[in-house]
Q: 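Have a look at this one before I ask anything.
First listed ligand is number 1; within each ligand, the first listed atom is number 1.
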Amino acid sequence: MWVTLAIVCVLVFLIWSLTGRRKGLPPGPTCYPIIGNVGLIKPSEAVKDHRRLRKIYGDFYSLMIFHRPVIFIHGLHNIRELLVKHGDVFSDRPKVFPSEVLAKRKGLAWSSGSLWKEQRTFALTTMRKFGFGRRCLQSQVMEEVDCLMEEFEKYEGQPFDIREQLKTSVSNVICSLLFGKRFDYEDAKFKRLLNLFNTLIAVLNFSSPAFIFPELASFKIFNFDKAAPIIKALNDFVAEKVEEHRKNFDENNINDYIDAYIAEQKRRTSEINTTFTDEQLAGSVRDFFTAGTETTSLTLRWALLYLIHYPEIQEQLKKDIDSVIGQGQPNMEHKEQLPRVEVFLLEVQRVANILPLNLPHTTSEDIWYKGYIFPKGAVMFFLIDSVLSDPEIFPEPAKFNPQRFLDENGKLSVEKKEKVTAFSTGRRMCLGEPLAKMELFLFLTRVLQRFDVKPENPDCLPSLKGTFGATNATKPFKLRLVKR
Ligand code: HEM
């Protein structure tokens, strides 16, 4: 009996030491044998849990998900140090569900190394040619905004859930750039795809063990099994568009991103080991489509929700817009003359906190920082939430206060603005930031020019508490858009 007990003890010790926290990793809660810290973070309460863990362990801590270390990094200074100063090593993506199962390490958002660098450079240059970050894109965005206004008018001030229309509209901007085509609001196939997409975002919770361990994805308990048919539908949709473009390709008529990519492939036919493959084209298109749709439309949903909750701010913004633009067409030149609109949007992005954990990063080699090891391949989260809710940077962070971005002369404080790191920072920083900012400004000004944004029921305002999946989303709510 003593021998059996001794064997059991040795086995438990071995399992413990093999699955425990490796020496040198940032500290963290006690690990249990085999499972480590699985179950410690409640996926739907991840933001709250990480704020609590930061109070206990400081700006760096680690959790063990089975034998895999996951490191959490808080604070603007640390995030800038690692993602900007040491950006050469901290810019890879780890092996997690989206990189392994969704993207198979191709595309823009989930690839790494030299492939990602080359593809990101091409994507940036090509999108700039199509007007990214330049004023010429705004007429395309405004066309879409005006279609959306027509949709809104159909409700004649009656309550409705704005989610589908906003999503279709924002998605159409990126579809025009990618496919040279927009979709009708009633297009059944497109509607179905956007709906499936909602499910994918709700399912892919970054704090689920199946996110860190894609091998667990087939277990129903984690819900990730729902992702497979959606990924297939998404890939089929993109493949169909690429096929159409290949059939009709005309090198003298490069109209959109897919055309530009096919032209680049043709230019590089003699290149051995080119990264410009068909798989990579499909991956890049899929990433632009997914990243460019939910993020911006979700931010706009939050903006409308805050307009409902703060009618006095809404009135101020309308007054400013009326005096600067009147009934004319909004454009990006108006932004400087409308500092209150800009600070409203900044404050919405800060409190909405739509990607509180950021996308995960990893290092391309083992690196020591502040006495801790960051092992190659470990999952690392640079928490955007830790900046956006930092009371040292934004006093009383829970309070919605756009004024915090204005200096004593009523001018926008550039220093404060730069600390709204909703798009992350460093080499992997959001590729779509210029487009997103343009969309947010043009959509918001046009809505306020045309409508009073009112709640469905003034005695019971919709909740400002979010639901956490892949993003921090608003709960479903209805509003009324009453023509001014
Ligand atoms: C309000 C809207 C948006 C927000 C808050 C946002 C935020 C982010 C964040 C936090 C990341 C991860 C950065 C990192 O890993 O450090 C990201 C990546 C990315 N975003 Fe956005 N995004 C928005 C809109 C867009 C739009 C409109 C597009 C496309 C047109 C886009 C395309 C991308 C792409 C392709 C990546 C991957 C970049 C890479 O891994 O190299 N995003 N975004």
Q: Examine R54 relative to F72 and say whether NZ or CZ is less than 6.0 Å from the centre of the six-membered ring and inside a 45° cone about the ring axis.
A: no
Q: For residues 438-445, which side-chain donor-acceptor pairs fall under 3.5 Å, sequence neighbours excluded?
A:
unit_1	atom_1	unit_2	atom_2	d
T445	OG1	F441	O	2.8
T445	OG1	L442	O	3.2

Q: Are any of the side-chain nitrogens in D236 or K241 under 4.0 Å away from the carboxylate oxygens of its partner?
A: no
Q: If every non-hydrogen atom of P330 is compared with every non-hydrogen atom of R446, which pair is closest and at what distance?
A: CD-NH1, 3.4 Å
Q: Checking side-chain hydrogen bond (donor to acceptor under 3.5 Å, both in side chains) for the pair S99/R93: CA distance, chi angles, key distance, verdict?
A: CA-CA 7 Å; S99 59; R93 295 282 185 222; over 6 Å; no
Q: Mind checking what residues have non-hydrogen atoms under 4.0 angstrom from ligand 1?
A: R93, L108, A109, W116, R120, F132, I174, F288, A291, G292, T295, T296, T299, Q349, I354, L355, N358, L359, H361, I384, A422, F423, S424, R428, C430, L431, G432, L435, A436
Q: Measure the NE2-CD distance between H50 and E45 for me, rounded to the nearest 0.5 Å.
A: 11.5 Å
